[in-house]
Amino acid sequence: MSEDWAAVAKAINERVNELGWRQRELAERSQVSQAIVREIQHHVVERRRSARTLESLSTALGLHPQHLEAVLHGRTPPSPGEPVTQRETNVMSRLDSLERRLDDITDRLDDLKADLAKMIEHVRKTR
């Protein structure tokens with residue numbers, strides 16, 4: 001099954017614009033790191049994301065919890081009132097949890113790398 005991350009980015013951007021939100025507000029409301037929201041919104045890094053990440057973003061945007069997952073896979077998104085279908089097995093749930101933790105670690109390492117680059121630049125300028 002192919003994944004259309006550009007369609008997910010478009011759906012998120014359209015909804016964020018409708019709501020008049022900034023990226024930071026979506027990140028805070030969804031409990032998804034701003035770095036991941038940025039990557040998805042700008043479609044700069046294409047990698048597998050947890051179904052829970054898409055669910056958190058969908059819910060924060062006031063959409064059906066499986067809306068963005070449906071967009072990703074080229075399906076018609078469910079209406080907000082439709083029931084959530086069970087899609088995860090125990091193994092998938094555990095993998096999603098591990099993936100979220102790895103995404104958090106990656107975000108922290110990216111932040112540390114940026115901070116280190118700033119410090120190095122500052123030291124170079126003060127010499």
Side-chain angles (χ1 to χ4, degrees):
M1 183 179 297
S2 66
E3 296 180 338
D4 188 353
W5 286 101
V8 172
K10 181 180 177 191
I12 290 172
N13 290 327
E14 286 175 355
R15 185 66 178 148
V16 165
N17 288 335
E18 286 174 14
L19 297 170
W21 290 356
R22 294 188 175 271
Q23 192 176 76
R24 174 169 289 181
E25 187 167 0
L26 176 57
E28 289 172 359
R29 289 176 181 251
S30 65
Q31 299 291 309
V32 173
S33 78
Q34 192 169 353
I36 291 174
V37 171
R38 182 181 319 107
E39 288 177 0
I40 294 171
Q41 266 191 294
H42 296 293
H43 190 229
V44 291
V45 176
E46 193 167 299
R47 61 176 154 210
R48 186 182 181 285
R49 300 286 179 187
S50 133
R52 288 191 180 141
T53 297
L54 295 177
E55 184 176 319
S56 294
L57 291 168
S58 295
T59 302
L61 292 167
L63 305 168
H64 186 280
Q66 294 171 328
H67 184 97
L68 292 175
E69 184 180 6
V71 169
L72 175 65
H73 297 292
R75 298 189 306 260
T76 301
S79 301
E82 287 185 42
V84 175
T85 57
Q86 192 66 352
R87 69 196 176 292
E88 296 182 357
T89 63
N90 188 35
V91 172
M92 287 304 295
S93 178
R94 291 175 65 195
L95 287 173
D96 285 343
S97 176
L98 288 171
E99 184 176 26
R100 272 195 323 280
R101 289 169 57 191
L102 286 173
D103 284 343
D104 289 341
I105 291 168
T106 300
D107 291 342
R108 289 179 186 167
L109 288 172
D110 288 344
D111 291 344
L112 288 171
K113 182 179 175 183
D115 290 345
L116 183 58
K118 287 178 189 175
M119 286 177 52
I120 290 170
E121 184 64 27
H122 176 73
V123 168
R124 286 182 180 155
K125 286 181 180 179
T126 58
R127 284 187 173 180

The salt bridge (Lys or Arg N to Asp or Glu O under 4.0 Å) partner of R49 among E55, E3, E39, E99 is E39
Among residues at least two apart in sequence or on other chains, which ones pass side-chain hydrogen bond (donor to acceptor under 3.5 Å, both in side chains) with E18?
R15
What are the two closest heavy atoms between L26 and S30, and how far apart are they?
O-OG, 2.7 Å
E69 (side chain) donor-acceptor with A51 (main chain) under 3.5 angstrom:
no
Can you name the residues that form a side-chain contact (heavy atoms from CB on, under 4.5 Å) with E25, not counting sequence neighbours?
W21, R29
Measuring from Q41:CD to I36:CD1, what's the distance to the nearest 0.5 Å?
13.0 Å
How many angstroms lie between CG in D111 and OG1 in T106, if you round to the nearest 0.5 Å?
11.0 Å
Minimum heavy-atom separation for V71 to V8, with atom names?
CG1-N, 3.8 Å
Spacing of CD belonging to Q23 relative to CG belonging to N13, to within rounding of 0.5 Å:
9.0 Å
Verify same cluster id: V32, L19 (apolar side-chain graph, 4.5 Å)
yes
Rounded to the nearest 0.5 Å, what's the gap from CG on D115 to CG on D110? Could you check?
11.0 Å
Counterpart residues, side-chain hydrogen bond (donor to acceptor under 3.5 Å, both in side chains), relative to S56 (two or more places apart)
none
CG on L109 to CG on L116, rounded to 0.5 Å
11.5 Å
Rounded distance [0.5 Å steps], OG in S79 versus CG in L63:
11.0 Å
Can you name the nearest heavy-atom pair linking A70 to T76, along with the distance?
CB-O, 4.0 Å
